[in-house]
Amino acid sequence: MFSNIGEWRRSVYCGEVSTDHIGREVTLMGWIQRRRDHGGLIFIDLRDREGIVQLVFNPERSKDVHERAHCLRNEYVIAVKGTVAKRPEGTENPSIRTGDVEVIVKEFRILNDSLQTPFVIEDRVEVTENLRLKYRYLDLRRTALQKNLILRHRVSMAVREFLSREGFIEIETPFLTKSTPEGARDFLVPSRLNPGTFYALPQSPQIFKQILMIAGFDRYFQIVKCFRDEDLRADRQPEFTQIDLEMSFVERDDVMGIVEGLLYHIFRTAVGIDLTLPFPRLTHSEAMERYGLDAPDTRFGLELRDVTGIVRGSAFKVFSDTIAKGGIVKAINAKGCGGFSRKDLDELTEYAKTFGAKGLAWIRILPEEWQSPIAKFLSDEEKRGLTEVLKPEPGDLILFSADDAKTANTVLGRIRLKIAERLDLIPKGGFEFVWVTDFPLLEYDEGEGRFKSVHHPFTSPMDEDVEKLATSPLEVRSKAYDIVLNGEEIGGGSIRIHRSDIQEDIFRRLGISDEEASRRFGFLLEALRYGTPPHGGIALGLDRLVAIIAGAESIRDVIAFPKTQKAVCLMSDAPSAVDTKQLDELSIKVIKRT
RNA sequence: GGGGCCGUAGUUAAGUUGGUUAUAACGCCGGCCUGUCACGCCGGAGGGCGCGGGUUCGAGUCCCGUCGGCCCCGCCA
């Protein structure tokens, strides 16, 4: 039954057979997508990477070939020789690219059969994700995923083209590297040759790329896997890919300019869209004030308003007490949401609570009155103030969050997104970029009782804020910048500290002792003393970028072999236990925990 | 560490206040069919409801536990 391909070689991809081939003999190799057996005529859709084409087995052409075609089933792999013909008038299929032609089969070889697949290989067939992940090789046969991975390839090519042209040199950095104390949890790799010691997989090539700048490469880039052992999300995998780059003798605008050029080139060549440059910029505090989040979705309005000044002395104690304690009150006018039911509002409140809100105050704007549990506490003056700021009209819904600034903003920022989703305010198919700049350098970690870097400890403070490091460290801004696309952070970078004295000072302020700093980062601190040029860079999340371009819900749909939320590969069943012998060689003993 | 949703033929789903033999569509198998393309028509096979307990005369339906998938909070310099 089976044949080898022998001397047969593909002459054209199934999806590329066109009217140009009419009358010519072609050789195709592919998978059987579907069989339509009319008893007489048999039609088979043959699929390969580029698409499908209809094969015709006609008993009048060859009784033998037609006879043999009866045993063909879905996902069998066959090679076909036949003549391309224009389809008879009226039988064209405009829904496929090859729909004007068909291949009259003269001869075919069955290269392999297939079990019945656990699910049908078709985009419109919805299958649960665990099944898709277990049979990833079948899932990847579907055109949607093939398209995504081909898009990903085109984006990668565009990156290499553009950055090479701009003088960036692609240099590989080690995967077996050193654990760093700050940041995410490391994946560790035991060293057999050095029992009891471990490499860490890189969370990013950060230090290596800085050292490449010290080494004088001037411009570096890499499309590189990074590893972080943290919990997964729709947009987070334990291993993910960064477009990593670093430049010497630059300031912030130079890096941002290169990234804008890079994204322009990516969208131009891989997507066919001309972006408008430059991208708008927001400072971090502006983003927080107007959108409540440091990754604002600027595709729609519905901006947050600060009403702290209006309700400072309010009889509604939740407002006035919060403000008295240093908090703020933010409000949003959800246009046209006045019809939200009590249940809707309760659900919204529950949602708000997941982000730390204690509650969510609301006012329904009716033609004659403001309907709300808090309306009776609001003075006429407060109502006037709110009216001026929020411009409420009958049918609107006003929502408030009162809390410390960060919580109040976050809560209402999330509510803003929820409302926009519900009101269908988010334009489909668009790409809105925005830079977020002027991040604080440090934040205070209550849990650990120390300062932490907002970006990373190598980020340079703003020159004009350096002296505030000693007096009011939380007010020091950094030379960090994030690039946000459609409300998702797709990259972040900064100008780095290029002086060892400042770097040591920052480590001290982060509560990292000189001893620890030298143990963990000693090689960097030493390198910084040997003529380090000013430098900075950025890393873009390739998975996220491609996912957004592809319109994918999750980055799993743009990664060939992704892991589940428990970081398991359902296809290969990694991670798994290993032989005691392997552990012995590594001087590792597994402790069972109850 | 926590919250929510989900798990029923190969697949996707339905399954009433617990009550005869667990439904449907697609897929699969067989037959018929020379212009279909989500081909059509006829016929057929296929599951005991993720797993383990419990309540009950009786459990996909209720309870407890457990495993797995997804979304989210924390976490992700």
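Lettering of chains follows the sequences in order, A, B, ..., and the numbering in each one begins at 1.
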Original post:
Would H38(A) pass as stacked on C39(B), i.e. its ring centre under 5.5 Å from the base's six-membered ring centre and planes under 30° apart?
Top reply: yes

**OP:** Would you please determine if the base of U11(B) is stacked by F119(A), with stacking meaning a centroid separation under 5.5 angstrom and planes under 30 degrees?
**Re:** no

Is there a donor and acceptor pair, one atom on the side chain of [X] and one on the base of [N], closer than 3.5 Å?
X       : N      : result
R87(A)  : C37(B) : yes
R236(A) : C75(B) : yes
R124(A) : A38(B) : yes
E126(A) : U11(B) : no
R73(A)  : G27(B) : no

Spacing of the [atom1] atoms in [M] and [N] (rounded, Å):
N      : M      : atom1 : value
U20(B) : C62(B) : P     : 16 Å
G44(B) : A24(B) : P     : 12 Å
C70(B) : G65(B) : P     : 23 Å
C71(B) : G53(B) : P     : 32 Å
G30(B) : U36(B) : P     : 24 Å
A38(B) : G2(B)  : P     : 49 Å
G69(B) : U55(B) : P     : 32 Å
U61(B) : U16(B) : C1'   : 10 Å

Can a donor-acceptor pair be found, under 3.5 Å and without considering hydrogens, that links the side chain of [X] to the backbone of [Y]?
X       : Y       : result
D123(A) : A144(A) : yes
D465(A) : R477(A) : yes
R252(A) : I495(A) : no

If pairing requires Watson-Crick or G-U wobble contacts with both distances under 3.5 Å, which nucleotide is the partner of [N]?
N      : value
U16(B) : none
G68(B) : C6(B)
C41(B) : G31(B)

Which listed nucleotide ([options]) is nearest to the side chain of [X]?
X       : options                : result
T128(A) : G69(B), C72(B), U12(B) : U12(B)
T91(A)  : C73(B), C76(B), C37(B) : C37(B)
S554(A) : C75(B), C71(B), C37(B) : C71(B)
Q116(A) : U12(B), G27(B), G1(B)  : G27(B)
D231(A) : G35(B), G69(B), G74(B) : G74(B)
E102(A) : C37(B), U11(B), U36(B) : U36(B)
N130(A) : G68(B), C37(B), C71(B) : G68(B)
E129(A) : C37(B), C29(B), C70(B) : C70(B)
Q54(A)  : C75(B), G35(B), C33(B) : G35(B)
K566(A) : C73(B), G69(B), C37(B) : G69(B)

For residues 346-357 of chain A, run the donor-acceptor check on the side chains, cut-off 3.5 Å, and write out each pair with its distance to 0.1 Å, sequence neighbours left out.
{"unit_1": "T349(A)", "atom_1": "OG1", "unit_2": "L345(A)", "atom_2": "O", "d": "2.7"}
{"unit_1": "T354(A)", "atom_1": "OG1", "unit_2": "Y351(A)", "atom_2": "O", "d": "2.6"}

Whole angstrom is fine here: how far is it from [atom1] in [X] over to [atom2] in [N]?
X       : N      : atom1 : atom2 : answer
F355(A) : C73(B) : CZ    : P     : 5 Å
H70(A)  : C32(B) : NE2   : C1'   : 11 Å
R36(A)  : G27(B) : CZ    : P     : 12 Å
H456(A) : C76(B) : NE2   : P     : 15 Å
Q565(A) : C70(B) : CD    : P     : 6 Å
D123(A) : U12(B) : CG    : P     : 16 Å
L570(A) : G7(B)  : CG    : P     : 18 Å

Regarding [X], tell me which of base, sugar-phosphate or nothing describes its non-hydrogen contacts under 4.0 Å with the strands shown.
X       : answer
S204(A) : base
E60(A)  : base
R132(A) : nothing
R556(A) : sugar-phosphate
P118(A) : sugar-phosphate
E92(A)  : base
V56(A)  : nothing
I52(A)  : nothing

Original post:
Which residue pairs satisfy the salt bridge (Lys or Arg N to Asp or Glu O under 4.0 Å) criterion with at least one member in residues 91-100 of chain A, sequence neighbours excluded?
Top reply: none

Subject >> Any side-chain heavy-atom pair of L524(A) and F458(A) under 4.5 Å >> reply: yes

Subject >> Residue mapping more 5' on RNA chain B - nearest nucleotide basis, G183(A) or N74(A) >> reply: N74(A)

Subject >> Nearest-nucleotide 5' precedence on RNA chain B, K563(A) against K452(A) >> reply: K563(A)

Original post:
So, is G60(B) syn or anti if syn means the angle is within 90° of 0?
Top reply: syn

Original post:
In terms of base orientation, is G15(B) syn or anti, with the syn window spanning 90° either side of 0?
Top reply: anti

**OP:** Ignoring hydrogens and angles, state whether a donor on the side chain of D344(A) or S341(A) is under 3.5 Å from an acceptor on the partner side chain.
**Re:** yes

Subject >> Modelled atom types, side-chain donor and acceptor of S204(A) and Q242(A), under 3.5 Å >> reply: no

Original post:
Quick one: is the NZ or CZ of R228(A) closer than 6.0 Å to the six-membered ring centre of F240(A), and within 45° of its axis?
Top reply: no

